[in-house]
There are 2 protein chains.
Amino acid sequence: MFSQSLAPNTTQPAVYLRAPGADRGEELDHGLARASLRKIAVGEHAFLEGAPRSYIFKVESGALALYRSLGDGRRQVLGFGFDGDLIGLGARKCHLVGAQALKPTTLRCLPVPQLKQMINANPGLAARLYEAISEELADAQDRFFNVSQRRAIERVAFFLQKLSHRNEARGADPRVILLPMSRADIGDYLGLTLETVSRTLSELRAKGYICLKESRVVQLRNLNALNELVDSASDDVE
Amino acid sequence: MFSQSLAPNTTQPAVYLRAPGADRGEELDHGLARASLRKIAVGEHAFLEGAPRSYIFKVESGALALYRSLGDGRRQVLGFGFDGDLIGLGARKCHLVGAQALKPTTLRCLPVPQLKQMINANPGLAARLYEAISEELADAQDRFFNVSQRRAIERVAFFLQKLSHRNEARGADPRVILLPMSRADIGDYLGLTLETVSRTLSELRAKGYICLKESRVVQLRNLNALNELVDSASDDVE
DNA sequence: CGCTGAGTTGAAAAGATTCAAATTCAGTGG
DNA sequence: CCACTGAATTTGAATCTTTTCAACTCAGCG
């Protein structure tokens, strides 16, 4: 793929690995279990863009936005870190994304040298990291085409669907979504303005697909319709 | 990052690694040098979406489009494979992207079992693959925000800039770009329609930034202006 | 009880898509 | 070698979507 080898000022990845599943990442879990805890308040950063990568983190509780700043004050949110997620991984020496807490957040911090040691001691861990990061790439691609070629309503539906599936995977209610992030964060994630996000949520409510009691609590009332918005690439669902 | 752990039908990554640089991937090069050659014609596939991952490929000459199909016949082009690029890598058993030749293309084919053997014999190789894929992820993120929050003219400038840098990195003329792909391919890559791509190229020509003698040959006449279009919103942290 | 920041909503403007037509280009067969 | 055919490209005009700018509501908090 040409893009990476061209990118001269390519942005630094922090590489976000998912939380190890049941049969993966035992070593990581083991190391992390003994790692130190750190608490950060809303608005504080786990790490800043450009900061040296000293630790990798596992989110114990709370939520973070992973973003890159643009020159003109705008920013691109690349993802969110929720409890169970690993953040801050990557091959480079510095983070090129920042991780800012959206609510009070607790992190486990594993020093990078220790991670490297673990990898050296256990080559299988490298393969796991590789798998995890290739998942991450797959996800980035998934998000890419769900954003680049779709309308606002489809993007928002995609976003809600992902959160719903995440709940499901964790045994939480897939029909009730708690949003720790603002409309602006969602917009920066989906490539929309905050007004469009708000309007689109209102539109989904008008269609009866969702229910918005509080602005940060979304009830999904018609999961099928949402899924169709995401899956059907161009059949309008009115 | 939540997205990956949610994605239920997450798309399969083929993981696209870049061509090994001067000091990287010697083992890969070594193995590939003895790998078998395969030629494919325009429109043929190196591998189809969903096909089992039997080989990884190095593009010797030619060009391919790496894409995923959408339900309704549209597709998302995730990248292009040019000579020197490695394609088809990834942790999963099947490709979830297809790789279709844009012009007559020659590939080196390295069987996956052999790659695994090489990794086992040389743990350092795994680290290199990890680095390479984290670069790939960084690139995907780069592309992501260059597409999701920008106008057509900025997207096209970004595209041309990348190709220009690629030429530069390879000792080719950074001011002359040969496009092996159609306007539709570019559009599918940038999240635009082919008409918009065409119009935007015409606009860049009208501004005097580029020169289009033939539709597949672009001369960059004002590299600074193009760079400003790209950088206007994204200020790199380095 | 007024502030402040987040969210919602409206209206005008900008930008991209869609549909349609014209033009260029490449490859084929005469 | 040239005309023909189909594909790729360009361009135009109408339409649709999203953004922008602005006003307004609401909840939390000093």
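Within every chain, numbering begins at 1; the chains are lettered A, B, ... in the order of the sequence lines, protein sequences first and strands thereafter.
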Side chain to side chain donor-acceptor pair (under 3.5 Å) against A/N222, all qualifying residues, sequence neighbours excluded: none
Interatomic distance, B/I186 CD1 vs D/dA8 C1' [rounded to whole Å]: 12 Å
Contact under 4.0 Å: A/T193 side-chain N or O vs D/dT19 OP1/OP2: yes
Residues A/D83 and A/R170 bridged, charged N to O under 4.0 Å: yes
Below 4.0 Å: OP1/OP2 of D/dT17 and any side-chain N or O of A/R150: no
Tabulate protein N/O versus nucleotide N/O from nucleotides 25-30 of chain D, keeping only pairs under 3.5 Å, one per line.
none

B/A184: side chain to side chain contact (heavy atoms under 4.5 Å, CB included) partners, not counting sequence neighbours: B/S182, B/L194
Residue pairs involving residues 196-210 of chain B (criterion side chain to side chain donor-acceptor pair (under 3.5 Å); sequence neighbours excluded): B/T193-B/T196
Pairing residues for A/E44 by the side chain to side chain donor-acceptor pair (under 3.5 Å) criterion, not counting sequence neighbours: none
Whole angstrom value for the distance that separates C1' of D/dT17 from CD of B/Q149: 17 Å
Contact list for DNA chain C against residues 195-204 of chain B - heavy-atom distance below 4.0 Å: B/E195, B/T196, B/R199
Touch class at under 4.0 angstrom, heavy-atom based, for B/G187 against every strand present: nothing
Residues that A/T106 engages under side chain to side chain donor-acceptor pair (under 3.5 Å), provided they are two or more places apart: A/S61
Sugar-phosphate, base or nothing in reach of B/R155, heavy atoms under 4.0 Å: nothing
With A/Q100 via side chain to side chain contact (heavy atoms under 4.5 Å, CB included) - residues at least two apart: A/H45, A/Y67, A/R75
Residues that A/P174 engages under side chain to side chain contact (heavy atoms under 4.5 Å, CB included), provided they are two or more places apart: A/S164, A/E168
Interatomic distance, B/K103 NZ vs D/dA8 P [rounded to whole Å]: 17 Å
Set of side chain to side chain contact (heavy atoms under 4.5 Å, CB included) partners for B/A157, sequence neighbours left out: B/L226, B/L229, B/V230
salt_bridge(A/R166, A/D85) N-O dist < 4.0 Å: yes
Non-neighbouring partners of A/R108 that pass side chain to side chain donor-acceptor pair (under 3.5 Å), sequence neighbours left out: A/E60
Boundaries of the DNA chain C segment in contact with chain A, non-hydrogen, under 4.0 Å: C/dA6 to C/dA11
